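Everything below concerns the one structure shown next.
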Amino acid sequence: MALLFRERSLGQSKREKTMSSFSSLSLSNPVSDLPSPFGDLTSTLSDADILETAYEIFVSVCRTSAGKPLSYTSQSSPSPSPPQPSPPASNSPSFQKSLTSTAASKMKKALGLKSSSSSGSKKSPGKEISPVKSVKKPVTVGELMRVQMRVSENVDSRIRRGLLRISASQLGKRVESTVLPLELLQQFKASDFTDQQEYDAWQKRNLRVLEAGLLSHPRSPVEKSDAAAQRLRQIIRGALERPIETGKNNESMQVLRSAVTSLACRSTDGFSDCCHWADGFPLNLRLYEVLLESCFDVNEETSIIEEVDELMELIKKTWGILGISQMLHNLCFTWVLFNRFVATGQVENDLLDAADGQLAEVAKDAKATKDPMYSKILSSTLSAILGWSEKRLLAYHDTFDSGNIESMQSIVSLGVSTAKILVEDLSNEYRRKRKGEVDVARNRIDTYIRSSLRTAFAQARRKMMEKADSSRRVSRNQPNPTPVLAILAKDIDDLAAKERELFSPILKRWHPFAAGVAVATLHACYGNELKQFVSGITELTPDAVQVLRAADKLEKDLVLVAVEDSVDSDDGGKAIIREMPPYEAEGAIANLVKAWIKTRVDRLKEWVDRNLQQEVWNPQANKDGFAPSAVEILRIIDETLDSFFQLPIPMHPAILPDLIVGLDRCLQYYATKAKSGCGTRNTFVPTMPSLTRCTTGSKLQVWKKKEKLQNGQRKNPAGATMNGDNTFGVLQLCVRINTLQRLRMELEVLEKRVITHLRNCESAHADDFSNGLEKKFDLTPVACVEGIQQLSEALAYKIVFHDLSHVLWDGLYVGDPSSSRIEPFLQELEQSLLLISETINDRVRTRIISDIMRASFDGFLLVLLAGGPSRAFTQQDSHIIEDDFKNLKDLFWANGDGLPVELINKYSTTIRTVIPLFRADTDSLIERFRQVTIETYGSSARSRLPLPATSGKWNPTEPNTLLRVLCYRNDETATRFLKKAYNLPKKL
């Protein structure tokens, strides 16, 4: 960074490059675009008028610093020889002080400014002063001031000549008691100038200064009716139209002097010996501002001269005339430093740092005084500085980058310091609050961060929209362009990273959680856009998922920054996090995916209803003997799983259970519908006939119930539940069973495929595989098992009690048992078994055959114990029964190729215990029946045996089973017992 100050010595001074003489005041200081905070002067006073008047005041106060007369020696004549030191411009020691010291300036140290003897100081952009060959070295502070204020030697010579004359005529009079423009008008006439035009301009300038200081901007207000003011206004108006004669004590000068003196010597305490002609606001501040501007090098516009301490010492001598106090000096100097930074292209940050340092003094002054005029000027000046600073800070992303980031800290510091004074010392609202309740610096930084990032976000969004519109026009035929909000999320992520890396370290000095505030602001801005986007989403699309995933990533990055930035805060960053309500992007994605799942599941359920109504369960549909609808539903489910895992979402494992449950319910629904209407075991078992007794030796017993009813039962033992639909035939039932078995087998394949999909899913973790329950179909296997069980039993009992009823229920042991044995039933049953074995799936074949065997055993027992009036057995018939039962078992054993003996024995346990009852004699049966009945019903049964209820669970120790054997016993002893015990008639 270039340095502000350059060492000046008699032998080494860059001021050697300045012009040797200035013919006029044409060179001016750098001009900024900032309006003066001190207020506007009358438009008749130019910058040159102000500068020359300020220089006159400066020279006038310096001549009296030692109380000696001012001597004058002209330096206007150029010399061909090397320039020599000019004669002293004054007898003042300070004014004549030689510029030979290179010691570090106390003021530079106080302002934190550096000094360097090396070159390289920055010039104002576009400002370049060409050196002139003939140069005179300023060797005194007075001479330095002339050069710094760009006053020509001729003008300087005339001013000092006039002051010498004034001093001679007013020996011993204080300069503060002199109205300098008036006295200069008295001392010069037209002959003292190059031409009449120059004289007229000079005269008008002094009259305009008198007008500004006494009429337009007086220290004390002037009444409109004031005679002196009216008279002075008339004189000036006339002189501006027609120059008056000056240079002698004529009448016009006496009238002018009378009016000026009357106005200048006014005071609140009455008449004063001090003249107030240049101490009214804002004239005095503008004159003082020009004097302070002289502290900057004429060649190095951003550098303050090395001799600033000596120069400032003399400038402060003007305070008496200008009415400047230390407080006003501090305020003015702050503005000059700041204004010079702005005017010279904002390249020298040291100027800002110096202005910021001066603000510390201004802050002390603001607390020490409540002067309304000072407060007004203070407020105006600070507001101008703060306005300029905040114009950059409220959109600092537009103002600063890596190339000029160094200046940001200086501008932020300046803005914060200015705001603190305005709020803490000038704000009535702040005074009403306790100081601990308001952190001005933090609040301002908070405002800058939020404002700048909102602006940066809006710009990023606008650029993105323009770019997207342009891309759509150029590439209308290109598929799958990236959604705008997804691109914006990436840009905002980059913006947050830039903020954290570039700006937050600077802002953290005043706001400990600058980065947290920044990301919270970006989070809110993007959240507003995302909320509108989500509200318009009606279905899951790739664009929607891409945007929501980008939003989710952005949110996680922003929250991470906020947490890391707030780790040392008292609340652990909770306040910042509360400003960042979750986007719930994953939740939005999950809801969309769940809606997608629901749509697929609902469609699948409708498909099941529609297709199962059309399904005919044709065993010839395919070689495996299962329904085509099962193949189709498995294909749909497989495609649904593939589509699900192809969704570009980050939470497949989390939502997968929802999909599995939905598909599981559809398959369960399919399994339930597949068995619906096929009946159960009880559908085909005939109604149990009532107990009664037949006459001895009768081959056709007569029962209590009418034979017509019994015949009706035999003709329709299925209870009229079947409607004759061929979809419920034996082979169709086999297809249904095969279909449910196929579903069971394919579920295992589906579950393995789901695990494979999960392993290939980028969002899956190890924990997702540890709990396999969530990936399994729970309902369908149970429904399939229950369905197979129900269909198997229905098939078995349908064959035995419905399809073969003509050879079992209607034929077996009807009439004479020896002539109606089991062989016809076994032949047809064997044919049915062969047909089923060819059709049914191998995995359920044993179960189906076992159920048919059990149904056959139940049918055989039902014929023996509840066969109706067409059946009766003698004790000798037991051999026929035992032999037929053995043949029945052999059918299922099939010489070892059929069912296992253990399984046959298991299902034949009941019948094997009941058949021996038919071999027992009648008396022993009666005695056993009595004992069992008494044991069952207690001692009350001794006097009269109760009629046991029919349980249907046959057992040789169960009263009803024994009673039925007796009822079917064809002998006289049984007849008499039943007649006596239950009064069963021999005939109906």
Side-chain angles (χ1 to χ4, degrees), residues 677-690 700-701 703 705-734 790-836 839 848-873 880-881 884-885 887-889 891-892 907-908 910-911 914 950 952 954 964 968:
C678 295
T680 64
R681 168 183 174 175
N682 295 331
T683 303
F684 301 99
V685 175
T687 305
M688 192 78 66
S690 302
L700 184 62
Q701 287 89 32
W703 297 75
K705 290 196 173 182
K706 294 182 179 180
E707 188 176 348
K708 184 178 179 180
L709 176 61
Q710 297 298 326
N711 290 337
Q713 286 181 330
R714 290 199 302 272
K715 290 179 181 178
N716 189 15
T721 58
M722 304 304 297
N723 57 15
D725 190 343
N726 61 3
T727 58
F728 299 100
V730 171
L731 293 181
Q732 284 71 29
L733 291 176
C734 290
Q790 177 184 328
L791 291 172
S792 177
E793 290 182 352
L795 173 62
Y797 283 82
K798 179 180 187 298
I799 292 174
V800 172
F801 289 99
H802 183 272
D803 296 353
L804 301 182
S805 63
H806 61 286
V807 289
L808 176 67
W809 190 253
D810 295 337
L812 182 62
Y813 302 141
V814 172
D816 184 5
S818 61
S819 61
S820 55
R821 297 185 64 174
I822 202 169
E823 187 61 32
F825 174 72
L826 295 179
Q827 290 176 356
E828 294 197 27
L829 180 59
E830 184 176 13
Q831 294 299 319
S832 296
L833 290 175
L834 290 174
L835 182 61
I836 290 172
T839 307
I848 303 301
I849 301 300
S850 299
D851 283 341
I852 294 174
M853 180 181 68
R854 185 174 62 175
S856 300
F857 291 165
D858 288 350
F860 189 75
L861 262 180
L862 199 61
V863 167
L864 295 178
L865 298 177
S870 61
R871 294 175 175 89
F873 306 97
I880 296 174
I881 295 172
D884 285 348
F885 176 61
N887 292 333
L888 180 59
K889 290 193 296 180
L891 174 65
F892 292 100
Y907 283 107
S908 64
T910 301
I911 194 170
V914 172
T950 301
W954 313 126
R964 284 182 177 273
Y968 283 93

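Owing to the predicted nature of the structure, the values given are computational and were not obtained by experimental measurement.
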For the residue pair [X] and [Y], establish whether any side-chain heavy-atom pair is separated by less than 4.5 Å.
X	Y	answer
Ile799	Leu833	no
Gln827	Gln831	no
Ile822	Phe885	no
Leu812	Phe825	no
Ser856	Leu829	yes

Euclidean distance, [Y] [atom2] relative to [X] [atom1], rounded to 0.5 Å:
X	Y	atom1	atom2	result
Ile852	Leu795	CD1	CG	5.0 Å
Arg854	Ile911	CZ	CD1	14.0 Å
Arg681	Phe801	CZ	CZ	8.0 Å
Lys798	Leu791	NZ	CG	12.5 Å

For Tyr907, give me all partners under ring pair (Phe, Tyr, Trp, His ring centres under 6.0 Å), at least two apart in sequence or on another chain. none
Nearest heavy-atom pair of [X] and [Y]: which atoms, and what distance?
X	Y	value
Gly868	Tyr968	N-OH, 2.9 Å
Phe892	Met853	CZ-CA, 3.3 Å
Ser908	Phe857	CB-CE1, 3.5 Å
Leu808	Gly859	CD2-CA, 4.0 Å
Pro817	Gly815	CD-O, 3.3 Å
Gly679	Gln790	O-NE2, 3.3 Å

Residues in side-chain contact (heavy atoms from CB on, under 4.5 Å) contact with [X], at least two apart in sequence or another chain:
X	value
Glu828	Leu804, His806, Val807
Ile881	Tyr813, Phe860, Leu864, Phe873, Ile915, Phe918
Ala855	Ala796, Tyr797, Val800
Arg821	Ile880, Asp883, Asp884

Arg871 side chain to Ser820 side chain, donor-acceptor N/O pair below 3.5 angstrom: no
Side chains of Asn682 and Thr680: do they bring a donor and an acceptor to under 3.5 Å? no
With Ser792 via side chain to side chain donor-acceptor pair (under 3.5 Å) - residues at least two apart: Asp851
